[in-house]
Amino acid sequence: MNIATWNVNSLRIRLNQVLNFLDKNDIDVLCLQETKITDDKFPYESFKNIGYNSYWLGQKTFNGVAIVSRYESVRTSYNLPDNFDEQKRLISITIRSEIGEICVICVYCPNGQMIDSEKYEYKIKWFEKLTNLVKNELLKNDQLILIGDYNIAPNDDDVYNIELSKNQILTSETERKLFNNLVHLGLVDAFRLFEQPKNSYSWWDYRKYSFKRNIGFRIDHILLTNSLRGLCQVCKIDKSLREFERPSDHAPVIAILKHKLT
DNA sequence: ATGTCCATTTTCAATGGA
């Protein structure tokens, strides 16, 4: 199974790039964030035409998540429980793939704006809710993938210059602790299972020629339960998508999971 | 150098979010 995550920053603008990406990379499950499209306008037919089922949760102007999948979902759920969140930031599906039943949770975690802002407080509460959700899900299903835009760079080598960005959003100790709380539920960062190029990032600000100068952050992640860890053959960031004309500010992250041939 | 891109409304210009 080939699975990927991509914050597209408007699915309307990026639809052709997404279709092209699915085709070129033989992706089975693609998790999208910042679709910025209302549910009535979701382009499910474009995906249906090339063999994908679509599951989506959108809103006007901001946020919005979706999963397009060659596998049908046997159980789909939307958002954090208890009406905690009016913003559309989470969708999950359960699929029956060739490596068994897997719960895929696609997240667009809050950005936080600035340390100690209201939005930062919301980010902290949001992660606490998410941690609870994942914890409960793990009781039901030991094959789980938590995937998406976390808006957290978990370690110093996930940041172009930690001295310049220390104690700011994406890198603060509090945020890293929130990330590690998820990891400690029994998940592993697929990207760090492998040796990776130095200065690997998944998001570059549109401003300041950041991409050209590789001023980036690795904030898009694929976390796997330990049961899936041994099946992960590859995890990589596809930087080529950031080089396109009218790119998203994020590049996709791809993981390949399969049984080893005996 | 508060530098760009996107969506929306305030609509050919400004605003908020990232």
Side-chain angles (χ1 to χ4, degrees), chain A residues 5-21 31-43 46 56-66 79-80 85-91 106-127 130 147-154 158-172 174-176 178-179 201-221 237-253:
Chain A
T5 178
W6 194 7
N7 178 323
V8 287
N9 186 18
S10 172
L11 184 56
R12 209 182 315 214
I13 300 291
R14 234 65 69 187
L15 181 59
N16 282 332
Q17 290 185 37
V18 170
L19 296 171
N20 185 267
F21 172 73
C31 299
L32 300 166
Q33 302 87 36
E34 286 203 86
T35 54
K36 296 186 173 177
I37 200 163
T38 49
D39 287 343
D40 55 312
K41 299 211 172 70
F42 190 88
S46 300
W56 64 91
L57 179 65
Q59 68 180 89
K60 205 174 166 184
T61 317
F62 305 121
N63 309 314
V65 284
N79 235 336
L80 292 168
D85 199 8
E86 286 180 7
Q87 301 182 27
K88 311 304 185 192
R89 296 179 173 277
L90 185 150
I91 186 168
C106 167
V107 289
Y108 173 49
C109 306
N111 169 279
Q113 194 170 48
M114 275 179 73
I115 303 275
D116 296 334
S117 67
E118 256 178 50
K119 286 175 184 172
Y120 186 75
E121 298 302 317
Y122 161 69
K123 182 175 193 173
I124 293 168
K125 289 204 176 78
W126 198 94
F127 267 92
L130 174 67
I147 180 169
D149 177 359
Y150 288 68
N151 269 312
I152 297 176
D158 299 318
V159 180
Y160 76 104
N161 184 336
I162 190 62
E163 295 312 320
L164 291 180
S165 41
K166 219 168 204 156
N167 300 318
Q168 298 186 23
I169 56 154
L170 314 183
T171 66
S172 72
T174 304
E175 287 163 274
R176 286 180 171 177
L178 296 171
F179 183 86
Y201 311 124
S202 66
W203 172 76
W204 301 260
D205 199 310
Y206 282 123
R207 293 167 289 191
K208 307 181 204 173
Y209 306 102
S210 297
F211 183 66
K212 211 182 238 178
R213 298 156 69 196
N214 199 26
I215 295 177
F217 295 77
R218 192 177 70 90
I219 57 176
D220 300 88
H221 308 297
I237 296 168
D238 188 352
K239 241 179 117 167
S240 69
L241 274 296
R242 189 63 173 76
E243 289 158 5
F244 275 36
E245 250 179 66
R246 284 195 99 180
S248 166
D249 43 355
H250 295 251
V253 187

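Lettering follows sequence order; numbering is per chain, from 1. Remember, it's a predicted structure, so these values are computed and weren't measured experimentally.
- When the C1' atom is compared between B:dA1 and B:dA13, the two are found 22 Å apart, to the nearest whole Å.
- For the pair A:N151 and A:I13, nearest-nucleotide mapping onto DNA chain B gives the more 5' position to A:I13.
- Between the P atom of B:dC6 and the CG atom of A:L11 lies a distance of 13 Å, rounded to the nearest Å.
- The side chain of A:K60 lies closest to B:dT9, out of B:dC6, B:dT9, B:dG17.
- The two residues A:Y150 and A:H221 make their nearest non-hydrogen contact at CE1-O, 3.4 Å.
- The A:E34 side chain lies nearest to B:dA18 when the options are B:dA18, B:dC6, B:dG17.
- Whole-Å rounding puts the A:I169 CD1 to B:dG17 P distance at 13 Å.
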A:N63 and A:Q87: side chain to side chain donor-acceptor pair (under 3.5 Å), yes or no, with the steps? CA-CA 7 Å; A:N63 309 314; A:Q87 301 182 27; 3.3 Å; yes

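- Rounded to a whole angstrom, the distance from the C1' atom of B:dT8 to that of B:dG3 is 23 Å.
- Here the nucleotide nearest the side chain of A:R14, chosen from B:dC6, B:dT8, B:dA18, is B:dC6.
- A donor-acceptor pair under 3.5 Å links the side-chain atoms of A:Q168 to the main chain of A:L164, judged by distance alone.
- Comparing the P positions of B:dT10 and B:dG17 gives a spacing of 15 Å, expressed to the nearest Å.
- Across all non-hydrogen atoms, the minimal contact from A:I169 to A:Q113 is CD1-O, 3.4 Å.
- Considering only the side chain of A:Y206, B:dC5 comes nearest among B:dC5, B:dA18, B:dA7.
- Closest to the side chain of A:R207, out of B:dA7, B:dA18, B:dT9, is B:dA18.
- Taking the C1' atom of each, B:dA7 and B:dC12 are spaced 16 Å apart, rounded to whole Å.
- One atom, CG of A:N111, and another, P of B:dC6, lie 17 Å apart when rounded to the nearest Å.
- When heavy atoms are screened at a 4.0 angstrom cut-off, A:F217 is found touching no nucleic acid atom at all.
- The separation between A:I37 atom CD1 and B:dT8 atom C1' is 15 Å, rounded to whole Å.
- Among the nucleotides B:dA18, B:dG3, B:dT8, the one closest to any side-chain atom of A:R213 is B:dG3.
- With the nearest nucleotide of DNA chain B identified for both A:Q113 and A:K208, A:K208 has the one nearer the 5' end.
- Counting to the nearest Å, the C1' atom of B:dG3 and the CG atom of A:D205 are 9 Å from each other.
- For the P atoms, the distance from B:dG16 to B:dT11 is 15 Å, rounded to whole Å.
- At distances below 3.5 Å, at least one donor-acceptor pair connects side-chain atoms of A:W6 with backbone N or O atoms of A:H250.
- B:dA18 atom P lies 11 Å from atom CG of A:N9, rounded to whole Å.
- The main-chain N or O of A:V65 is never found under 3.5 Å from a side-chain atom of A:R89 such that the two would form a donor-acceptor pair.
- Rounding to whole angstrom units, NZ of residue A:K212 and P of B:dG3 are separated by 17 Å.
- A:N63 places its CG atom 15 Å from the C1' atom of B:dT8, with the value rounded to the nearest Å.
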